[in-house]
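The next block holds one structure in the form of structure tokens; read it before the comments.
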Amino acid sequence: MPVFHTKTIESILEPVAQQVSRLVILHEEAEDGNAMPDLEQPVKVVSNAVQNLIKVGKETINGSGDEILRQDMPTALIRVEKSSKLLEEASAMLKQDPYSGPARKKLIDGSGGILQATSALLLCFDESEVRKIIQECKRVLDYLAVAEVIETMEELVQFLRDLSPCLSKVTREVSAREKELTHQVHAEILVRCLEQVKTLAPILICSMKIYIHIIMQGGKGAEEAAENRNYLARRMSDEINEIIRVLQLTSYDEDQSE
Amino acid sequence: EMILEAAKTIAAATSALVKAASAAQRELI
């Protein structure tokens, strides 16, 4: 049984995966099998659904600026279409001979193929969505890198104006993503990192304020204040980098590393 | 979003097809 790494993909494909597995088992146990019913109508419904997916898939490809999606999605669409053709062939063969063994094989290959190709397609789409979140995370990293050169209150205000909306977006999107993951360990890491980021953000801003006050008064301790600020910025960057790493993981990666 | 809806429709259609095919086999077991 395939493992789906988001709850959305799981909810779409898990029921059909179970049905396909059952069909394979029934086929093996029944050996020569019973006469198959006329499958023309349900196969037609699948073919129409596949044509619609191909249309929507092509629109998604054309409307996306994501090069990886543009490269990977057509392959999945071709696989869905090929599997649909297998079902049409199986249906035609079964009309001639309801006991046909090769037709049953095509039926199993076709339905299994549709399941796998749809899974690949949804994964491709999902990975593209993850790349959008990662892009936002990288924007936060870019802003954090600027923290070291902020030396006036005006610059700090601008820094906050830039960072805040971006950080809010990352928080919102990573939080939603965490709820979507079927892999509990990955979800927990994201929650932990996000909590750290939320805790560190106001402390970092405070440390930047302290640094600015110290250098404005020309007082002692500027070096220590800068060190403290840099440490906090680095800690936040580390947490964001960990979020990026975990966002890219799938259950499959984890199983392989184990 | 449209992709998800289209995938849902395919999953439901494939499920119905496989169920119909399974029903005939199940009678034998």
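In what follows, chains are A, B, ... by sequence order, proteins preceding strands, each numbered from 1. Any value given below was found using the heavy atoms of this structure, including those in side chains, with hydrogens, waters and symmetry copies removed.
To the nearest 0.5 Å, atom CG of residue A/Leu115 and atom OG of residue B/Ser15 are 9.5 Å apart. From A/Ile12, atom CD1 reaches atom CG of B/Leu4 across 5.0 Å, with rounding to the nearest 0.5 Å. The OG1 atom of A/Thr118 sits 10.0 Å away from atom CD1 of B/Ile3, with the distance rounded to the nearest 0.5 Å. Note that CE of B/Met2 is 10.5 Å distant from CG of A/Leu53, once rounded to the nearest 0.5 Å.
For NZ of A/Lys105, the number of neighbouring non-hydrogen atoms (other residues, nucleotides, ligands) closer than 6.0 Å is 12 at most.
At a 4.5 Å heavy-atom cutoff, A/Glu129 makes no contact with chain B through either its backbone or its side chain. For A/Thr60, the part lying near chain B is the side chain, with the backbone staying farther off; criterion is any non-hydrogen pair under 4.5 Å.
When side chains are defined from C-beta on, A/Val45 does not count as touching B/Leu17, because their heavy atoms never get closer than 4.5 Å.
Ranked by non-hydrogen atom pairs under 4.5 Å with chain B, the options A/Leu121, A/Asp126, A/Ile108, A/Val46 are led by A/Val46. Looking only at heavy-atom pairs under 4.5 Å with chain A, the residue among B/Ala11, B/Ala12, B/Ala16 that has the most is B/Ala11.
Here A/Glu239 pairs with A/Cys193, A/Gln196, A/Val197, A/Leu200 under the side chain to side chain contact (heavy atoms under 4.5 Å, CB included) rule; sequence neighbours left out.
Inspection of non-hydrogen atoms places A/Met73, A/Val80, A/Leu87 of residues 64-98 of chain A under 4.5 Å from chain B.
With respect to B/Ile10, the side-chain contact (heavy atoms from CB on, under 4.5 Å) criterion is satisfied by exactly one of A/Val50, A/Asn48, A/Leu13: A/Val50.
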